2 protein chains.
Amino acid sequence: MRDRRISESTIHRLSHYYRALTALEREHFDTVSSRELANREELTPAQVRKDLSFFGSFGTRGLGYPVKELKEKIARILGIDRVWNVALIGVGNIGSALVSYKEFARQGFNIKLLFDSDQRKIGSNHKGITVLGMDDLERQLNENKIELVILAVPASSAQVIVDHVVNCGIKAILNFAPIKLAVPDDVFLRTENMAMELEYLSFSLVNNLPRRSDRKKT
Amino acid sequence: MRDRRISESTIHRLSHYYRALTALEREHFDTVSSRELANREELTPAQVRKDLSFFGSFGTRGLGYPVKELKEKIARILGIDRVWNVALIGVGNIGSALVSYKEFARQGFNIKLLFDSDQRKIGSNHKGITVLGMDDLERQLNENKIELVILAVPASSAQVIVDHVVNCGIKAILNFAPIKLAVPDDVFLRTENMAMELEYLSFSLVNNLPRRSDRKKT
DNA sequence: CTTTTTTTGTGAAAGGTTTCACAACTGGCA
DNA sequence: TGCCAGTTGTGAAACCTTTCACAAAAAAAG
């Protein structure tokens, strides 16, 4: 209806609402007010209402929002009302931790394939998935209809590998290598830099910032 | 540093500048212009100059910024010109990956202590550090002058543990449990939620968001 | 059925961040 | 020396996000 752009912060807050709604559902709430939702995620009621109103008005005045429907609606908006086929490249320390990260599976991210360039790792098993070699990459990504790639390789090889991945037509990549990767304009890339979060805390301690933030922007 | 508030985004960009400057130093650049710095991190020259001007003016008109000095200055601002004593609680999948994460050590985050509540893990060795039991927590954090805690425990036990940590006087916590933790106002808390990043990618794919600003004319 | 209470949805105001545009300064060169 | 090219530093403008405040709607109470 409108072509107002939805901000990154709004999308991240949807993830928070989804989490809160999951808890509310477990606690057998039928409806929830913007105030309650805001309290649970440390936001303001006005913000909750503004965010949700971007996608239509599914609350009831005087009552609040229906927990189950709202949760489903947000799942649909976020695209997690379905299963995504994910490949994970790099079965080192971080890579093998991510294979076992239950939160991914819980939200429909199904890690189907594992890759590594290390001959000693190829053929080994992680959570029932056999690690494949990088020469199989292109064919396997296509055959298994992979839509999303998680990159957990060393910074030094990340760009080369991401080029391959992009070549296979993958349009979404979550990168854990602490490096700025170049990808075409039509590929979605997010880089998770854990050292940067520690740097933020370090800055906060040193400068004794008068506030605390548990939320991220960019 | 007057009482102008520095935004979270600015601080994160400082981390990016730091990374770019590290590369520039390796490439033997003496000076760098805001334009070059901006290109390397996909920002605008104006933004680079605005960010840096928050902390004083250390560029030279007509020349640019001195690479080495600027890098040192940013390190000082971020508080990474020193070593931080870090404790890591939870030596499961993510925890053990983080112990070996070289980027932490490289930026002065020294993981000194490991904790776990699992009897089978207590006493075991990770990268030369012996895993301690949780009953030792309070004493050990104090004795080892720990300033920063990384939490990599299951969501179900995270709040109880964070309460202990806060009790020990720790003022900065990096949390990997996918849950909203309550801490006093004077404690800095950051929560790293990897599933949320995948959700953002999922949203982008489903809604085919226009990403990446097309910059720039001239 | 009428009144009171609750809570949404949303324009408008406030607040914050990024970009623009240009004066001011520097180094190099003739 | 004077001039040109390059680049910073920074108010002002443009843009974006959050908060405010209240009418409208629905439920609950009497």
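The figures here come from the full heavy-atom set of this structure, side chains too, leaving out hydrogens, waters and symmetry mates. This is a predicted model, so every value here is computed, not measured.
Residue contacts for B/Thr10: at a heavy-atom cut-off of 4.0 Å it reaches no nucleic acid atom on any strand shown.
Between the C1' atom of D/dT17 and the CD atom of B/Glu8 lies a distance of 14 Å, rounded to the nearest Å. Distance CD (A/Glu36) to C1' (C/dT8): 16 Å, rounded to an integer number of Å. Note: CG (A/Leu52) to P (C/dT8) measures 9 Å, nearest angstrom. Nucleotide C/dT8 holds its P atom 12 Å from the OH atom of A/Tyr17, rounded to whole Å. Here D/dT7 presents its P atom at 12 Å from CG of B/Asn39, a figure rounded to the nearest Å. Atoms CG (B/Asp51) and P (D/dT10) sit 13 Å apart, rounded to a whole Å. The separation between A/Ile6 atom CD1 and D/dC16 atom C1' is 14 Å, rounded to whole Å.
For the ring-ring contact (aromatic ring centres under 6.0 Å, His included) test, residues two or more places apart in sequence or in another chain that qualify with B/Tyr200 are A/His12. Contacts of A/Asn175 classified as side chain to side chain donor-acceptor pair (under 3.5 Å), with partners at least two apart in sequence or in another chain: A/Thr191. Applying the ring-ring contact (aromatic ring centres under 6.0 Å, His included) rule to B/Phe203 yields no partners; only residues at least two apart in sequence or on another chain are considered. Every ring-ring contact (aromatic ring centres under 6.0 Å, His included) that A/Tyr101 has, sequence neighbours left out, goes to A/Phe104.
Taking every heavy atom of residues 57-65 of chain A and every atom of DNA chain C, pairs under 4.0 Å involve A/Ser57, A/Phe58, A/Gly59, A/Thr60, A/Arg61, A/Gly62, A/Leu63, A/Gly64, A/Tyr65, by number. Proximity of residues 67-75 of chain A to DNA chain D (heavy atom under 4.0 angstrom from any strand atom) is not detected for any residue.
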task = Evaluate the side chain to side chain contact (heavy atoms under 4.5 Å, CB included) criterion for residues A/Lys180 and B/Arg19: first the C-alpha distance (whole Å), next the side-chain angles of each, then the deciding distance (0.1 Å), finally the verdict.
result = CA-CA 9 Å; A/Lys180 177 129 249 155; B/Arg19 184 173 59 183; 4.0 Å; yes
task = Take A/His16 and B/Met196 through the test side chain to side chain contact (heavy atoms under 4.5 Å, CB included) and record every step on the way to the result.
result = CA-CA 9 Å; A/His16 284 287; B/Met196 255 176 58; 3.9 Å; yes
inquiry  = Please determine whether side chain to side chain contact (heavy atoms under 4.5 Å, CB included) holds for the pair A/Ile173 and A/Val187, giving the CA-CA distance in whole Å, both sets of side-chain angles, and the decisive distance to 0.1 Å.
reply    = CA-CA 8 Å; A/Ile173 300 166; A/Val187 175; 3.9 Å; yes
request  = Determine, stepwise, if the pair B/Trp84 / A/Val206 fulfils side chain to side chain contact (heavy atoms under 4.5 Å, CB included).
outcome  = CA-CA 11 Å; B/Trp84 291 94; A/Val206 165; 3.6 Å; yes
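A sub-4.0 Å separation between OP1 or OP2 of D/dT17 and a side-chain N or O of A/Ser9 is absent.
With a 4.5 Å cut-off on side-chain heavy atoms, A/Leu21 and A/Phe29 do not count as touching.
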For residues 67-78 of chain A, which side-chain N or O atoms pair as donor and acceptor with protein atoms under 3.5 Å away, sequence neighbours left out?
residue : atom : partner : partner atom : Å
A/Lys68 : NZ   : A/Glu72 : OE2          : 3.3
A/Lys71 : NZ   : A/Glu25 : OE1          : 3.0

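Under the salt bridge (charged side-chain N to carboxylate O under 4.0 Å, His left out) criterion, the residue pairs touching residues 94-115 of chain B are B/Glu103-B/Arg106, with sequence neighbours excluded. Applying the salt bridge (charged side-chain N to carboxylate O under 4.0 Å, His left out) test to residues at least two apart or on different chains, the pairs with a partner in residues 46-56 of chain B are B/Arg13-B/Asp51. Pairs engaging residues 145-173 of chain B under the salt bridge (charged side-chain N to carboxylate O under 4.0 Å, His left out) rule: B/Arg82-B/Glu147, B/Lys171-B/Asp186 [sequence neighbours left out].
The environment of CZ in A/Arg35 is sparse: at most 12 heavy-atom neighbours from other residues, nucleotides or ligands sit within 6.0 Å.
For the helix from C/dC1-D/dG30 to C/dA30-D/dT1, the terminal axes (five pairs an end, C1' atoms, rotation from four pairs onto the next four) enclose an angle of 10°, given to 10 degrees.
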Dump the pairs, protein N or O against N or O of nucleotides 19-22 of chain D, anything under 3.5 Å, distances to one decimal.
residue : atom : partner : partner atom : Å
D/dT19  : OP2  : A/Thr44 : OG1          : 3.1
D/dT19  : O4   : A/Lys50 : NZ           : 3.1
D/dA21  : N6   : A/Arg49 : NH2          : 3.3

